[in-house]
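The structure under discussion appears below in the form of structure tokens.
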Amino acid sequence: MLDLRGKVAVITGSTSGIGLGIARALAGAGADLMLNGFGEAAAIEALRAQLGAEFRVRTRYDGADLAKPAEVRHLVERAIAELGRLDVLVNNAGIQHVAPIEQFPDERWDAVIAINLSANFHAIKAALPQMKQRGWGRIINIASAHGLVASTNKVAYVTAKHGVVGLTKVVALETAGTGITCNAICPGWVLTPLVQKQIDDLAAREKIAQAEARRRLLAEKQPSGEFVTTEQIGALALYLCSDAAAQIRGAALSIDGGWTAQ
Ligand code: NAD
């Protein structure tokens with residue numbers, strides 16, 4: 001069992017979905033958590049307290065809007081100030097917008113690029129000095145199968161996720177002589193609120209049941225016909241924190257039911 005006791009992890013977008021799955025995996029290994037993401041204040045506070053009690057780790061929450069660089073920097077600084085250090089940075093928060101390029105709203109393009117790509121840059125830039133001081137760190141960027149291949153109607157998302165894979169490689173090279181690694185995880189379909197919205201849209205558009213919409217969504221891209229789970233992604237992130245993964249650097253690791261093998 002990997003032991004992260006005494007280490008501190010910042011996980012962006014950890015109030016839901018994949019980020020929450022990763023937070024649970026890291027806390028399960030003993031890491032203290034700085035949580036982030038949107039949601040209802042009382043529900044977030046209950047989640048923060050529950051994670052702390054279940055895993056016996058220190059937990060904090062910061063509501064930084066990752067579209068705003070100053071708030072991203074503050075999130076990292078606050079984790080270091082309140083929890084004493086920063087060892088693991090998981091850039092996970094992300095949004096989606098689906099439309100053909102001619103109809104793609106400029107404002108949605110800016111928001112997707114800011115949250116899915118630029119926030120990773122600002123967080124890594126703010127976190128690296130602390131990691132370099134300690135000579136150890138793990139930076140995990142949640143990209144996507146869409147960081148490796150494209151789909152129609154997702155121009156901002158695919159552009160941002162390809163950018164995340166490039167950012168990951170540069171940071172991995174610039175830290176190659178240190179104990180800090182930087183890698184990207186590229187999930188296929190995971191049944192989270194972000195994907196549920198696309199299932200709802202498909203069901204409404206095609207006038208089909210939820211189960212049929214889920215089946216069609218998977219059939220189009222994911223040969224396994226099964227969703228990746230947040231627990232599986234949490235386990236991969238945890239592995240990247242281990243000593244066994246110390247020479248995995250600049251990789252874009254697929255966990256996608258065969259999506260990008262095609
Ligand atoms: P989700 O909608 O369940 O969670 C997204 C999280 O990001 C939430 O906590 C939300 O509050 C937070 N967030 C959104 N905008 C924010 C902002 N401006 N500031 C701070 N927090 C913000 O989505 P998810 O499916 O868990 O996605 C997590 C990551 O995984 C994203 O980067 C997404 O692109 C990526 N991903 C998801 C899938 C999938 O199939 N679900 C596949 C590949 C990659």
Side-chain angles (χ1 to χ4, degrees), residues 10-25 33-41 43-44 47-48 51 61-76 78 90-98 107-108 110-120 122-123 140-151 154 156-165 167-168 184-200 202 214 217-218 220-222 224 226-234 236-237 252-257 259-260:
V10 172
I11 305 126
T12 69
S14 42
T15 52
S16 169
I18 293 170
L20 180 54
I22 294 173
R24 291 186 60 81
L33 303 178
M34 174 59 87
L35 302 166
N36 159 261
F38 295 152
E40 204 245 312
I44 291 174
L47 176 69
R48 187 201 62 75
L51 286 171
Y61 164 75
D62 186 283
D65 177 352
L66 300 186
K68 300 178 177 152
E71 296 193 20
V72 179
R73 284 191 288 274
H74 182 257
L75 169 68
V76 170
R78 189 174 160 200
V90 183
N91 289 307
N92 164 77
I95 58 169
Q96 176 63 282
H97 188 83
V98 181
E107 170 277 324
R108 283 294 86 194
D110 289 343
V112 172
I113 298 297
I115 296 163
N116 295 19
L117 176 58
S118 298
N120 296 22
H122 294 296
I140 301 171
N141 299 321
I142 306 306
S144 168
H146 282 124
L148 303 171
V149 296
S151 293
K154 294 185 174 175
Y157 189 87
V158 170
T159 303
K161 294 300 188 180
H162 275 68
V164 169
V165 171
L167 168 72
T168 301
I185 292 179
C186 298
W189 291 124
V190 188
L191 192 51
T192 66
L194 182 138
V195 166
Q196 186 59 48
K197 185 175 176 300
Q198 296 173 62
I199 292 169
D200 293 343
L202 181 64
R214 276 200 292 273
L217 189 93
L218 287 168
E220 191 198 347
K221 298 284 184 189
Q222 200 145 301
S224 69
E226 289 181 21
F227 287 101
V228 181
T229 68
T230 59
E231 289 81 6
Q232 288 163 344
I233 297 173
L236 180 53
L253 300 167
S254 291
I255 174 165
D256 65 4
W259 180 326
T260 55

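Atoms within each ligand, like the ligands themselves, are counted from 1 in listed order. What you are looking at is a predicted structure, and each value in this text was computed from that prediction instead of being measured.
- Listed by number with element, the atoms of ligand 1 under 4.0 Å from a non-hydrogen atom of Leu194 are 2 (O), 23 (O), 25 (O).
- Judged by distance alone, with hydrogens and angles left aside, the side-chain atoms of Asn141 form no donor-acceptor pair with the main-chain N or O of Ala143 at under 3.5 Å.
- Under a 3.5 Å cut-off, the side chain of Glu71 and the backbone N or O of Lys68 do not form any donor-acceptor pair.
- Atom 21 (N) of ligand 1 has Gly37 CA, 3.6 Å as its closest protein atom, hydrogens excluded (heavy atom only).
- Of all the heavy atoms in Val98 and Gln96, the pair that sits closest is CG2-CG, 3.9 Å.
- In terms of protein heavy-atom proximity, atom 10 (C) of ligand 1 is nearest to Phe38 N, 4.1 Å.
- With His162 contributing its side chain and Val158 its backbone, the two residues share a donor-acceptor pair below 3.5 Å.
- Atoms of ligand 1 found under 4.0 Å from any heavy atom of Ile115 (numbered from 1 in listed order, with element): 18 (N).
- Within ligand 1, counting atoms from 1 as listed, the ones closer than 4.0 Å to a heavy atom of Asn92 are 28 (C), 29 (C), 30 (O), 31 (C), 32 (O).
- For ligand 1, the polar-atom distance check against Leu66 finds a nitrogen or oxygen pair separated by under 3.5 Å.
- Proximity of a side-chain donor or acceptor of Tyr61 to a complementary backbone N or O of Gly37 within less than 3.5 Å is detected.
- Without hydrogens or angle criteria, Asn92 side chain to Gly13 main chain gives a donor-acceptor distance under 3.5 Å.
- In this structure, Ala114 does not count as a contact residue of ligand 1, since none of its heavy atoms falls inside 4.0 Å of the ligand.
- Distance from atom 7 (O) of ligand 1 to its nearest protein heavy atom, with residue and atom name: Gly13 CA, 3.4 Å.
- Close to ligand 1: Lys161, with a non-hydrogen atom less than 4.0 angstrom away.
- For ligand 1, the atoms sitting less than 4.0 Å from at least one non-hydrogen atom of Gly94 are 5 (C), 7 (O), 31 (C), 32 (O), numbered in the order shown with element in parentheses.
- Gly39 does not count as a contact of ligand 1, since none of its heavy atoms falls under 4.0 Å from the ligand.
- Of all atoms in ligand 1, numbered sequentially from 1 with element shown, those under 4.0 Å from a heavy atom of Ala64 are 19 (N), 20 (C).
- Listed for the Ser224 side chain is a donor-acceptor partner under 3.5 Å among the backbone atoms of Glu226.
- Atoms of ligand 1 found under 4.0 Å from any heavy atom of Asn36 (numbered from 1 in listed order, with element): 20 (C), 21 (N).
- Side chain of Arg48 to main chain of Ala43: no donor-acceptor pair is present (N/O by atom type, distance under 3.5 Å, no hydrogens or angles).
- Checking only distances, Trp189 never comes within under 3.5 Å of ligand 1, N or O to N or O.
- The backbone N or O of Asp62 sits less than 3.5 Å from a side-chain atom of Asn36, completing a donor-acceptor pair.
- The protein heavy atom nearest to atom 4 (O) of ligand 1 is Ser16 OG, 3.7 Å.
- Of all protein heavy atoms, the one closest to atom 42 (C) of ligand 1 is Gly188 O, 3.1 Å.
- To the nearest 0.5 Å, atom CH2 of residue Trp259 and atom CD of residue Gln222 are 6.5 Å apart.
- Shortest contact from atom 18 (N) of ligand 1 to any protein heavy atom: Asp65 OD1, 2.9 Å.
- To the nearest 0.5 Å, the span separating SG on Cys186 from NZ on Lys161 amounts to 9.0 Å.
- Atoms CG and CG, from Leu35 and Leu20 in turn, are 8.0 Å apart once rounded to the nearest 0.5 Å.
- Atoms of ligand 1 lying under 4.0 Å from any heavy atom of Val195, numbered from 1 in the order shown and given with element: 39 (C), 40 (O), 41 (N).
- Asn91 places no side-chain N or O within 3.5 Å of a backbone atom of Thr12 that could act as its donor or acceptor partner.
- Of all the heavy atoms of Asn116, none lies under 4.0 Å from any atom of ligand 1, so neither backbone nor side chain is involved.
- With hydrogens and angles ignored, the 3.5 Å screen pairs a side-chain donor or acceptor of Thr15 with a backbone N or O of Phe38.
- What sits closest to atom 13 (N) of ligand 1 on the protein, heavy atoms only, is Ala93 CB, 4.0 Å.
- Here atom 37 (C) of ligand 1 lies nearest to Ile18 when heavy atoms of Ile18, Val190, Ile22 are compared.
- Below 4.0 Å from some heavy atom of Ile95 lie the following atoms of ligand 1, by number and element: 14 (C), 15 (N).
- For atom 36 (N) of ligand 1, the nearest protein heavy atom (residue, atom name, distance) is Tyr157 OH, 3.5 Å.
- Ligand 1 lies within reach of Ala143, whose nearest heavy atom is under 4.0 Å from it.
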